[in-house]
Amino acid sequence: MHRLDVNQIQEIIPHRHPFLLVDYIEDYEPGVFAIGYKCVTYREDFFAGHFPKEPVMPGVLTIEALAQVGAVAILKKAENKGKTAYFGGIRNCRFRGKVSPGDKLRLETRIIKEKGSVGVGQASASVDGNVVATAELTFVVGK
């Protein structure tokens, strides 16, 4: 198992608070997969307006969190050190449940295709074993 804390994640991807949506990486294999977690708290900035009477993490931020985990997987490859992974597309995105304060969001992205600087990851987010979102994420590795 290869674990990364938040400081090590910030050495790999450029995201910072409040947009860094991964607290730690539980395991990864460079260029193959990464599994990370976001411990969702009521103090998240987005809960102030989404929604005040029933706080729900926006689905697009769940997808962004999955992309950040996928970026760790692809940027841990030696040839990608110091580079940035950009969104290239989202396909077959489905939201199957909500994410609320107190949830521990499990984020898994597996790299299923790579050609040159472009790749695709199959991503799944879950809470307590229940899938809350899935998507196929396209990325482009740039400088």
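Both backbone and side-chain heavy atoms feed into the values below; hydrogens, waters and symmetry mates do not.
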Exercise for review: Verify side chain to side chain contact (heavy atoms under 4.5 Å, CB included) between Phe87 and Ile63, making sure each step is shown before the conclusion.
Suggested key: CA-CA 11 Å; Phe87 247 132; Ile63 299 303; 4.0 Å; yes
Study note, to complete from the structure: In short, salt bridge (charged side-chain N to carboxylate O under 4.0 Å, His left out) pairs touching residues 33-42 with sequence neighbours left out are Lys38-Glu44
Review point. Does the pair Val132 and Lys98 meet the rule for a side chain to side chain contact (heavy atoms under 4.5 Å, CB included), with working shown?
Key: CA-CA 6 Å; Val132 295; Lys98 66 181 182 176; over 6 Å; no
Looking at side-chain heavy atoms only, is the closest gap between [X] and [Y] below 4.5 Å?
X: Gln8; Y: Tyr24; value: no
X: Ile12; Y: Leu4; value: yes
X: Lys77; Y: Val141; value: no
X: Phe33; Y: Val69; value: no
X: His17; Y: Asp45; value: yes

Distance in Å, [X] [atom1] paired with [Y] [atom2], rounded so as to fall on 0.5 Å steps:
X: Leu66; Y: Thr109; atom1: CG; atom2: OG1; value: 4.5 Å
X: Leu107; Y: Glu26; atom1: CG; atom2: CD; value: 11.0 Å
X: Leu137; Y: Ile112; atom1: CG; atom2: CD1; value: 9.5 Å
X: Glu29; Y: Arg110; atom1: CD; atom2: CZ; value: 9.0 Å
X: His15; Y: Thr84; atom1: NE2; atom2: OG1; value: 8.5 Å
X: Met1; Y: Asp27; atom1: CE; atom2: CG; value: 4.5 Å

Donor-acceptor check, side chain of [X] to backbone of [Y], threshold 3.5 angstrom: yes or no?
X: Ser124; Y: Glu108; value: no
X: Gln68; Y: Leu21; value: yes
X: Asp103; Y: Ser100; value: yes
X: Arg96; Y: Ser126; value: no
X: Asn92; Y: Glu136; value: no

Would you name the heavy atoms of [X] and [Y] that are closest together and state the gap between them?
X: Ile90; Y: Ala135; answer: CG2-CB, 4.2 Å
X: Thr41; Y: Phe47; answer: O-CE1, 3.1 Å
X: Met57; Y: Val40; answer: SD-CG2, 4.1 Å
X: Gly31; Y: Ile111; answer: O-CB, 3.5 Å
X: Ile9; Y: Leu20; answer: CG2-CD1, 4.1 Å
X: Leu105; Y: Ala125; answer: CD1-CB, 4.0 Å

**Study point:** Pair Val120-Thr138, side chain to side chain contact (heavy atoms under 4.5 Å, CB included): steps then yes or no
**Key:** CA-CA 4 Å; Val120 177; Thr138 302; 4.0 Å; yes
Check your understanding: With under 30° as parallel and over 60° as perpendicular, where do the rings of Tyr28 and His2 fit, or are they tilted in between?
Key -> tilted
Check your understanding: Are Ile13 and Val6 connected, step by step, through hydrophobic side chains (Ile, Leu, Val, Met, Phe, Trp, Tyr) whose heavy atoms are closer than 4.5 Å?
Key -> yes
Practice item. Indicate, with yes or no, if Phe95 and Phe46 share a hydrophobic cluster defined by side-chain heavy-atom contacts under 4.5 Å among Ile, Leu, Val, Met, Phe, Trp and Tyr. Key: yes
Exercise for review: Evaluate whether atom CD of Glu79 has more than 12 neighbouring non-hydrogen atoms of other residues, nucleotides or ligands under 6.0 angstrom away.
Suggested key: yes
Review point. Around atom CZ of Arg43, are there more than 12 heavy atoms of other residues, nucleotides or ligands at under 6.0 Å?
Key: no
